[in-house]
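Throughout, numbering of the chain's residues begins at 1 and tracks the sequence. This is a predicted model, so every value here is computed, not measured.
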Amino acid sequence: MHPSMADLQAPLRPKRKKDFVDFFVQFRWILVIFVVLPISFSIYFLTYLGDVKSAMKSEKKRQKEHEENVNKVVNRLKQRNPTKDGLVCTARKPYIAVGMRNVDYKRARHFEVDLAAFRNIIEIDKERMVAKVEPLVNMGQITRATVPMNLALAVVAELDDLTVGGLINGYGIEGSSHIYGLFSDTVVALEVVLADGRVVRATKDNEFSDLFYAIPWSQGTLGLMVSAEIKLIPVKEYMKLTYKPARGNLRELAQAYTDSFAPRDGDQSKVPDFVEGMIYNPSEGVFMTGVYASKEEAKKKGNVINNQRWWFKPWFYQHAQKALKKGEFVEYIPTRDYYHRHTRCLYWEGKLILPFADQWWFRWFLGWIMPPKVSLLKATQGDAIRNYYHDKHVIQDLLVPLYKVGDALEFVHREMEVYPIWLCPHRMFKLPLKTMVFPESGFEVHQRQGDTSYAQMFTDIGVYYAPGPVLRGEEYNGSEAVHNLEQWLIDNHGFQPQYAVSELTEKNFWRMFDGGLYEQCRRKYGAVGTFMSVYYKSKKGRKTEKDVQEAEAAILEPAHAEEA
C-alpha cells in the first residue's frame with residue numbers, strides 16, 4: 001500500500017530562535033547587488049574577451065600553445081620533492097570551484113600546479129564529430145563556438161560556468177542524458193599528465209583504458225587532465241519544447257514524468273531529444289520534452305518563439321510553471337538559449353540570493369548583470385555563513401534508478417520538504433569495467449520502463465533550496481537530513497555527486513561508490529602519495545597541515561608495504 005499524503009507530513013518542529021547570522025543572510029542581497037554582481041559581470045566580460053581572443057587564433061597556434069603548456073606542467077611536476085613538498089593540487093583559488101563542497105584542503109601545505117592557461121578549444125573536428133578542448137573550457141564558451149555550426153556536445157550542462165574538467169572529473173548531466181548518459185559518457189579520449197610526468201592519451205580501447213574508465217568521479221586524484229576529446233552531435237537552430245502539466249501525489253507525478261520520455265511499448269522513435277521535469281509542490285509538476293527543429297519550422301505562422309536568453313525574460317522555472325494554469329503548450333526556443341535556460345536564475349537559487357530579482361522591474365533594469373558568480377558568492381561568506389548554509393540549506397543531487405523516483409520523492413519530502421525539485425533522466429551504461437558508479441546487477445533481466453539491454457535508466461533528482469521547516473522558522477538539523485539521505489542512497493543503489501556537501505564516512509563513501517578500479521589505477525599510475533584520495537578530497541570540513549600529513553602517511557604506508 002502506498003503511503004497517503006497524511007503519512008508524508010513532515011514532523012512538527014519547534015520554532016527556532018534567530019541570531020545575527022539570520023540577520024546577515026536576510027540582508028545579504030545588499031552585498032550581492034553592490035559588490036558581487038558588478039565584479040561577476042566584469043569577470044564574465046573579461047572571460048568572454050579571452051574566449052574571443054582564443055577563437056581568433058589559428059588551430060595550429062592553439063595546438064602549439066597547448067603543447068607548450070603541457071610541457072610546463074610536466075616540468076613543474078618533476079620539480080616536486082615528494083618527501084618535502086606534500087601532495088599535488090591545482091593552483092586554482094579555493095573559492096573558484098562551482099560546487100558547494102568545502103575546498104579547505106588547499107589551505108594546507110601543497111605542491112601547486114597551475115592549469116589556468118588551459119582554457120582553449122583546440123579543435124572542432126567535423127569529420128570525426130569530436131571537439132578537442134582543454135579542461136577549463138566552459139559550457140558557454142563551447143556552445144558559442146559549436147551552435148552556429150549546427151553542432152553541439154552530446155551533453156551540454158546547463159550553467160554557462162561549468163567547465164569540461166569539472167564535468168568529467170566530477171559529474172555532469174543535461175536533458176539529453178537519457179540518450180547519451182552523463183557528460184563523462186560522451187568522452188572519446190583523455191590526455192592526462194601522470195604523477196611521474198608522463199603524458200598519456202587514454203581511450204576506451206587502448207592500453208590506458210583502465211585509466212579512461214577510472215577518471216570520471218575521481219575529482220582529479222589520478223592525474224592532471226590537460227585535454228579531452230568529446231563527442232559532437234548535429235543539432236538544429238531551435239528546440240521545439242512541449243510543456244505538460246501533471247497533478248497527483250508524488251508517486252503519480254513520478255509515473256507521469258517517466259511516461260513523458262520512456263514509451264511503455266519501448267518504441268525508441270517516440271523518445272524526445274530533451275527531457276526535464278520540475279515538481280513545484282507535492283501535488284503539481286510540469287514535464288518538458290524537446291525535439292530539435294529547423295529555423296523554417298520554427299518561423300511558420302502561428303508558432304510561438306521564445307528568445308529565453310534576453311535578460312528581461314521571466315525566469316525559466318517560473319515560465320514553465322504557467323503550464324499549471326494554462327494547460328499544455330508548445331514553443332520554439334533558440335537552441336543555445338535553451339541549453340543555458342537556467343543560467344540567469346541558477347535554477348531557483350537566485351530567488352534566495354536576491355529575493356526580488358525575479359520581479360519585472362529588476363529583470364528589466366538589472367537582469368543583464370545576472371547571475372552572480374557562484375565562486376564569488378562563496379568568497380564573500382565567512383565560516384558562520386558557510387555553516388549556516390550547510391545546515392539551513394540543501395544543495396544535493398540524488399542519482400537513483402528510474403523506478404525508484406517515487407520512493408525518493410517521498411523520502412525527500414519527509415526529510416527536507418524542498419520545492420521546486422528538478423528531475424532529469426540519464427542512462428547508466430553497462431561498461432566493460434566496473435567504474436565508481438554502475439547500474440544495478442541484473443537490471444537487463446527486469447526490462448523495466450526506460451531500461452535497455454545495455455543501460456539502466458537513472459534520474460537525477462535535484463534538491464536545491466531552503467527546506468520548508470527553515471522557511472517557516474522551525475528547528476531543522478540539515479546535517480542529520482543529509483546523513484539520512486546518504487543512507488537512503490546507499491540502501492537504494494543511488495549516488496551523490498561529490499560537489500555536494502557530504503556527511504559520508506570513508507566506509508560509507510566506499511559503500512556508495514565502487515573503489516576497485518579506482519584504487520587499482522591509483523597504485524598503477526603512481527597517484528598514491530602524489531594526489532589526495534578522492535574520499536579525503538570530497539570530505540566535509542577543514543583540512544589542516546596535520547590532517548594532510550596524517551592522510552599522506554596513511555596513504556603511503558600500504559603502498560610501501562605492497563612494494564616490499
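- Counting heavy atoms from C-beta outward, Phe208 and Leu190 have side chains that stay 4.5 Å or more apart.
- Glu349 and His393 form a side-chain donor-acceptor contact under 3.5 Å, judged by distance and modelled atom types alone.
- Interatomic distance, CZ of Phe438 versus CZ of Phe495, reported as 5.0 Å (0.5 Å rounding).
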Q: Please lay out, stage by stage, how Asp185 and Arg427 fare under the test salt bridge (Lys or Arg N to Asp or Glu O under 4.0 Å).
A: CA-CA 9 Å; Asp185 292 314; Arg427 271 187 170 147; over 6 Å; no
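- Two residues are said to be in side-chain contact when any heavy atoms from C-beta on lie closer than 4.5 Å; Gln496 and Leu399 fail this criterion.
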Q: Decide yes or no on salt bridge (Lys or Arg N to Asp or Glu O under 4.0 Å) for Lys64 and Glu68, but give the supporting numbers first.
A: CA-CA 6 Å; Lys64 185 170 177 284; Glu68 286 165 3; 3.0 Å; yes
Return all side-chain donor-acceptor pairs below 3.5 angstrom for residues 223-231, not counting sequence neighbours, or 'none' if the list is empty.
unit_1 : atom_1 : unit_2 : atom_2 : d
Ser227 : OG     : Glu191 : OE1    : 2.7
Glu229 : OE1    : Arg128 : NH1    : 3.4
Glu229 : OE1    : Arg128 : NH2    : 2.9
Glu229 : OE1    : Arg201 : NH2    : 3.0
Glu229 : OE2    : Arg201 : NE     : 3.0
Glu229 : OE2    : Arg201 : NH2    : 3.4

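- The aromatic rings of Trp217 and Phe513 sit tilted, their planes meeting at an angle between 30° and 60°.
- Not one N or O on the side chain of Ser40 forms a donor-acceptor pair closer than 3.5 Å with the backbone of Pro372.
- The distance from atom OH of Tyr213 to atom OG of Ser184, rounded to the nearest 0.5 Å, is 11.0 Å.
- Here Leu489 contributes atom CG and Asp397 contributes atom CG; the two are 10.5 Å apart, rounded to the nearest 0.5 Å.
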(Q) Could you go through His426 and Val155, starting from their C-alpha distance and side-chain angles, then the distance that decides it, and tell me whether this counts as side-chain contact (heavy atoms from CB on, under 4.5 Å)? (A) CA-CA 10 Å; His426 69 92; Val155 173; over 6 Å; no
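- Minimum interatomic distance between Ile121 and Val137 (heavy atoms only, all atoms of both residues): N-CG2, 3.8 Å.
- Ring planes of Trp422 and His342: perpendicular class, angle over 60° (limits at 30 and 60°).
- Between the side chain of Asn206 and the backbone N or O of Thr203 there is at least one donor-acceptor pair closer than 3.5 Å.
- Ser538 has its side chain within reach of Phe509: a pair of non-hydrogen atoms, C-beta onward, lies under 4.5 Å apart.
- Of the residues Glu67, Lys60, Glu65, Lys61, the one that meets the side-chain hydrogen bond (donor to acceptor under 3.5 Å, both in side chains) test with Gln63 is Glu67.
- Remark: Glu59 pairs with no residue by the side chain to side chain donor-acceptor pair (under 3.5 Å) rule, at least two apart or across chains.
- Considering every non-hydrogen atom in both Phe458 and Pro439, the closest pair reads CE1-CA, 4.3 Å.
- A side-chain N or O of Thr221 and one of Tyr518 form a donor-acceptor pair less than 3.5 Å apart.
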Q. Between Leu504 and Ile490, is a side-chain contact (heavy atoms from CB on, under 4.5 Å) present by the stated rule, with each step listed?
A. CA-CA 10 Å; Leu504 288 168; Ile490 290 167; 4.1 Å; yes
(Q) Working note: Asp114 + Arg76, criterion salt bridge (Lys or Arg N to Asp or Glu O under 4.0 Å); need CA distance, chi angles, decisive distance, verdict. (A) CA-CA 9 Å; Asp114 191 359; Arg76 172 74 179 143; over 6 Å; no
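- A distance-only check finds no donor-acceptor pair linking the side chain of Ser54 to the backbone of Gly50 [under 3.5 Å].
- Counting all heavy atoms, side chain and backbone alike, Ala195 lies closest to Leu77 at O-CD1, 4.3 Å.
- Ion pairing between Asp125 and Lys132 fails under the 4.0 Å rule for side-chain N and carboxylate O.
- Separating the CE atom in Met512 from the CG atom in Asp491 is a distance of 9.5 Å, to the nearest 0.5 Å.
- Met149 CE to Ile124 CD1: the interatomic distance, rounded to the nearest 0.5 Å, is 4.0 Å.
- Closest heavy-atom contact between Ser218 and Val534: O-CG2, 3.6 Å.
- Asn477 places a side-chain N or O within 3.5 Å of a backbone atom of Ser479 that can act as its donor or acceptor partner.
- Counting heavy atoms from C-beta outward, Leu87 and Thr530 have side chains that stay 4.5 Å or more apart.
- Within a 6.0 Å sphere centred on NZ of Lys204, other residues, nucleotides and ligands contribute 12 heavy atoms or fewer.
- In this structure, Lys537 contributes its side chain and Gln219 its backbone to a donor-acceptor pair below 3.5 Å.
- Inspection of the Tyr403 and Asp451 side chains reveals no N or O donor paired with an N or O acceptor under 3.5 Å.
- Taking the side chain as every heavy atom from C-beta outward, His66 and Glu123 never approach each other to under 4.5 Å.
- The shortest distance between side-chain heavy atoms of Ile233 and Tyr180 falls below 4.5 Å.
- Between Leu485 and Met416 the shortest side-chain heavy-atom distance falls below 4.5 Å.
- In this structure, Asn508 and Glu486 have side chains that are not in contact, with every pair of non-hydrogen atoms separated by 4.5 Å or more.
- Considering every non-hydrogen atom in both Phe429 and Gly181, the closest pair reads CE1-CA, 3.7 Å.
- Gln141 approaches Leu136 most closely through the heavy-atom pair OE1-O, 4.3 Å.
- In terms of the salt bridge (Lys or Arg N to Asp or Glu O under 4.0 Å) criterion, residue partners of Arg341 (sequence neighbours excluded) are, by chain and number, Glu158, Glu174, Glu276.
- Proximity of a side-chain donor or acceptor of Trp348 to a complementary backbone N or O of Tyr464 within less than 3.5 Å is detected.
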Q: For Tyr48 and Arg144, run side-chain contact (heavy atoms from CB on, under 4.5 Å): C-alpha distance rounded to whole Å, both residues' side-chain angles, the deciding distance at 0.1 Å, then the answer.
A: CA-CA 10 Å; Tyr48 169 72; Arg144 208 178 292 120; 3.6 Å; yes
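- Asp196 and Tyr525 are not linked by any side-chain donor-acceptor pair at a separation below 3.5 angstrom, with hydrogens and angles left out of the test.
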**Q.** side-chain contact (heavy atoms from CB on, under 4.5 Å) assessment of Val113 paired with Val193
**A.** CA-CA 11 Å; Val113 178; Val193 181; over 6 Å; no
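- Here the CD1 atom belonging to Ile461 is positioned 6.0 Å from the CG atom belonging to Leu423, to the nearest 0.5 angstrom.
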